[in-house]
Amino acid sequence: MPEGPEIRRAADEVEKALQASMVLEVSFAFEVLQEYESLFANSEVVRVDTKGKAMLIRFNNGYTIYSHNQLYGKWYVRKSYNYPKTNRQLRLAIHNEKKSALLYSASDIEVLRDEEVDFHPFISKVGPDLLNEHVTVKDLTERFTSNRFCKRKWTSLLLDQAFLAGIGNYLRSEILFVAGIHPELRPIDCTTHQIEKAAEAVITLMDRSYKTGGITVDAHLAERLKAKGEKRSQYRHFVFNREGKPCRVDGTEIRKITAASRRCYYCPTCQTKGRV
Ligand SMILES: [Zn+2]
């Protein structure tokens, strides 16, 4: 399932393709949206924003196309009017002279006037997206320690899109590991040092995962593990999907638990329940 970094990479690809020239045609599969199609002829795409798993394609005609990929949506960028071989249903197509940006399978697509975007039910509720907005360690520590969030477990907060946009299941385990926080804890149980480490881990890991296409270990470690013959699926994470394997830091066996109905991995010695 795609997380924020994967959506931001798709947004980059769509943005690059669509900014290149004037829009020739936009077509929607849903009848209710087809009345908008003529609005987009000869328009230009200004930029493509993301809010977690939602994408906002901003046009210069005062309109924005909102799409949310849910579980199955997938973007393809192809040469103009070339379609991929797929059994998926085409839901939105944006064509210019050189490229077509094609959204398949997504069912959540809307046309909004620019001024309506902030009031959209999903956009208005979702937390900051670190890959689309400038968010600092200070902003995050304030958010983590606010009354609204500080008494909930990290494992539930990190998957809550209203807390932060774009963190999914692998990032949750990886962030807690890098921050040295046990999955049973809440922000209110943590020291200032742990809160800061969590903020730094969120920023670093989202950015790294975005740049590497989903690798959360640092480049140095990735190189070392690759040299040992490990495949991408084996070296890409610190703890996620590594139950029973030795911790990369101290060799302790990685454990797997279920938290907020999803699998969560941690190292019982690097991530203790005590205040550090
Ligand atoms: Zn460890």
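Only heavy atoms go into these numbers, but all of them, side chains included; no hydrogens, no water, no symmetry mates. All ligand and atom numbering here is 1-based and tracks the order in the structure.
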Distance-only donor-acceptor hits, side chain of residues 14-28, under 3.5 Å, sequence neighbours excluded:
{"residue": "E15", "atom": "OE2", "partner": "V48", "partner atom": "N", "Å": "2.8"}
{"residue": "Q19", "atom": "NE2", "partner": "V46", "partner atom": "O", "Å": "2.7"}
{"residue": "E25", "atom": "OE1", "partner": "Y81", "partner atom": "OH", "Å": "2.6"}

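When the salt bridge (Lys or Arg N to Asp or Glu O under 4.0 Å) test is applied to D139, no partner is found at least two apart in sequence or on another chain. In this view, H237 and Y170, F240 satisfy the ring pair (Phe, Tyr, Trp, His ring centres under 6.0 Å) rule, not counting sequence neighbours.
More than 12 heavy atoms of other residues, nucleotides or ligands lie within 6.0 Å of CG in D250, so this atom counts as buried by the packing criterion.
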Show, in sequence, the C-alpha distance, side-chain angles and deciding distance for V117 and R58, and conclude whether the side chain to side chain contact (heavy atoms under 4.5 Å, CB included) test is met. CA-CA 10 Å; V117 172; R58 313 265 192 184; 3.9 Å; yes

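Among protein atoms, those of element N, O or S found less than 2.8 Å away from the Zn ion (ligand 1) are C247 SG, D250 OD1, C267 SG, C270 SG.
Under the 4.5 Å side-chain criterion, counting only non-hydrogen atoms from C-beta, I94 is not in contact with F40.
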